[in-house]
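In each ligand, atom 1 is the first atom listed, and ligand 1 is the first ligand listed. Just so it is clear, the structure is predicted and the values come from calculations on it, not from any experiment.
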Amino acid sequence: MCGIVGYVGPRDAAPILIQGLRDLEYRGYDSAGIAVMPNTGDEIAIRKREGKIANLEAAVRGGVPLQGGTGIGHTRWATHGRPSDTNAHPHHSCGGDVVVIHNGIVENYAELKAELKAAGHTFASETDTETIAHLVEQQVTEGLTLSEALRHTTARLRGSHAILALNRKEPGVIAGARIGNAGGIVVGFGEGESFLASDLAAVIAHTRDVAFLRDGEFVTVTASGVDCFDQDGRTITPERRVVPLDPVSALKGQYRHFMLKEIMEQPVALSDTIGSLIVVDPPELQLMALGAAAARLKDTKRVVLLGMGTSLHAAMIGRRYFELFAGIPAEVDNASEFRYREPVLDAETLVVTVSQSGETVDVLEAMAIAREAGSAQVTICNVEGAQTTRVADGAVYTRAGMERGVASTKTLLTSIVALYCLALATGKARGHISPQDLAGRIRDLVILPEAVASVLADADVYEQMAPALARFNDFLFLGRGLAYPVAMEGALKLKEISYIHAEGYAAGEMKHGPIALIDREFPTVAIATRHALRSKMVSNIEQVQARGGEVLAIVTEGDTEIPGLVRYTVSIPDVPELLEPIVATVPLQCLSYQIALQRGCDVDQPRNLAKTVTVE
Ligand code: M6R
């Protein structure tokens, strides 16, 4: 979580840092701060404020102008210490010469803090991060350079970290470290200037020439260059690459919220993703980034799919694709549970991770286990060069463009497409799917952008329903088969952006407990489309209504029976069964969005959440 940004060059650092923080605000918005180092070697100036970047901006505008071409900035998702001005980063050492920002958790901070206090250090904040500033200060006081001091300090920290640091006595220098999977550091190479950030979003407006630090790598940047080191201080050459990300897709444009923009972009996101993964005439797959994993698909005997949150729901849908297309056992697991079990893996297991950001810590830790076991790994990811893509043997990229709303929307739909194509490729490599079936399944994809566009064309319907539905404090979402993960996704969307309690259940489970919740104040959203075991869902609907519960049903166009049974109905076009989750999810996104608006919630930055979860 947390976003970090650094700049060194001829321009004033403060506006660049603040813009960078705006680009990273989706990573955390409990507080924000910047530190600017004058080129003269004078004191490093720090401004920080609880709350969103707007508060920091006001503080910067209203105070003594911050002058200097070197600086670091941070947007926080609080772990240790409540959100407050004092706990906001950057943090400085007692002497004020060393200033740090940090993403991660210093797991042994209590013992370090006790040791530092005993040595005479005084602490200003409740954070774990402040120990880093004091430790670095100890080292530079003993004569080490900032870069050396950071290396020595990280050797004493437990946990995973991304850190940037300044030392007043080294004007024009920023030192950085990446340890473990708490979050990445991207280095941006400019013309006479250098950039550092948690991810590309804050760099791409300045340069597309970048390098990603790997675990255990350190960096020192100045205006004229970038030096990278390993833990022992040996120089290493960063792997530079030119990234193709389109910054335009990060702008909100005409839309009130990023989430709405991203919902409306889904037809284009689907068409770009599908266009990049298949050719239609003659029908063929083109999974260009599969790399070394391509050769291992044919030997795959089992698939394990992993993800978190919305990406886990995509993985649940993907399981069915692998079973059907490749004819092999497929399991799905929550990466945070998987990593703490003793999972049985071997070289014939294909591990498929789904992570739109490619930065989710639990996914990365699960991947480390899979690598140790020698399993082949493919990751589904929306960010070229993200961490998961560097760990996996190969990737299937979604082409959704940058997703800024904390609630995942377009990346879910495109991840499902990517899983579908990967499962087809596995089935083909194993000789399980016939050429005719393969061709038909590929052609099926082509209708998706149009089908989703037609659901979005009716977006007004949700606006009309929302006032009546927004008064409820609890919802049950029910689905069967592939509609079960859709129900879970519907519940997740609703709870995260409108703070309404919502449960997503396999409809068959209803009578095993959840039905006890049903009354007039506990409505149900039932996914009762043609392919979702419709007749069984009709029974569920009747049982809910018999207990006074209101029902909103998602049905297939042309269904004349269910609309007569329930209070609210939304129709979706009839598409092939395996692709229906992609279309059926869209009404649930729109509904959550409209209900959240009705309840006055901050749709793009819901409370307590961050877009990317890089700490446990
Ligand atoms: O970047 P990832 O796909 O790995 O993120 C996983 C989850 O944190 C994410 O899907 C989260 O559940 C959604 N933002 C919820 O809408």
Next item on the list: Using the test side-chain contact (heavy atoms from CB on, under 4.5 Å), find all partners of Ala269 that sit at least two apart in sequence or belong to another chain.
Entry: Ala400, Lys410, Thr414
Check: Does Tyr499 have Arg599 sitting over its ring (NZ/CZ under 6.0 Å from centre, angle to axis within 45°)?
Finding: no
Checklist line | Enclosure of Glu509 CD (heavy-atom neighbours >12, cutoff 6.0 Å) | finding: yes
For ligand 1, run through the N/O pairs with the protein that fall under 3.5 Å and put one pair on each line.
from     : atom 1 : to     : atom 2 : distance (Å)
ligand 1 : 1 (O)  : Ser357 : N      : 3.0
ligand 1 : 1 (O)  : Ser357 : OG     : 2.6
ligand 1 : 3 (O)  : Ser311 : OG     : 2.6
ligand 1 : 3 (O)  : Gln356 : N      : 2.8
ligand 1 : 4 (O)  : Ser355 : OG     : 2.6
ligand 1 : 4 (O)  : Thr360 : OG1    : 2.5
ligand 1 : 10 (O) : Thr310 : N      : 3.1
ligand 1 : 12 (O) : Thr310 : N      : 3.2
ligand 1 : 14 (N) : Val406 : O      : 2.7
ligand 1 : 14 (N) : Ser408 : OG     : 3.0
ligand 1 : 16 (O) : Thr310 : OG1    : 3.3
ligand 1 : 16 (O) : Ser408 : N      : 2.9
ligand 1 : 16 (O) : Lys493 : NZ     : 3.0
ligand 1 : 16 (O) : Glu496 : OE1    : 3.2
ligand 1 : 16 (O) : Glu496 : OE2    : 2.5

Margin query: Regarding Asn382 and Thr398, do their side chains bring together a donor and an acceptor under 3.5 Å, going by distance alone?
Written below: yes
Item checked: Contacts of Asp460 that satisfy side-chain contact (heavy atoms from CB on, under 4.5 Å) - sequence neighbours left out -> Glu463, Gln464
Note to self: Going by the rule side-chain contact (heavy atoms from CB on, under 4.5 Å), which residues pair with Leu312 if we only count those two or more places apart in sequence or in a different chain?
What the structure shows: Val332, Asn334
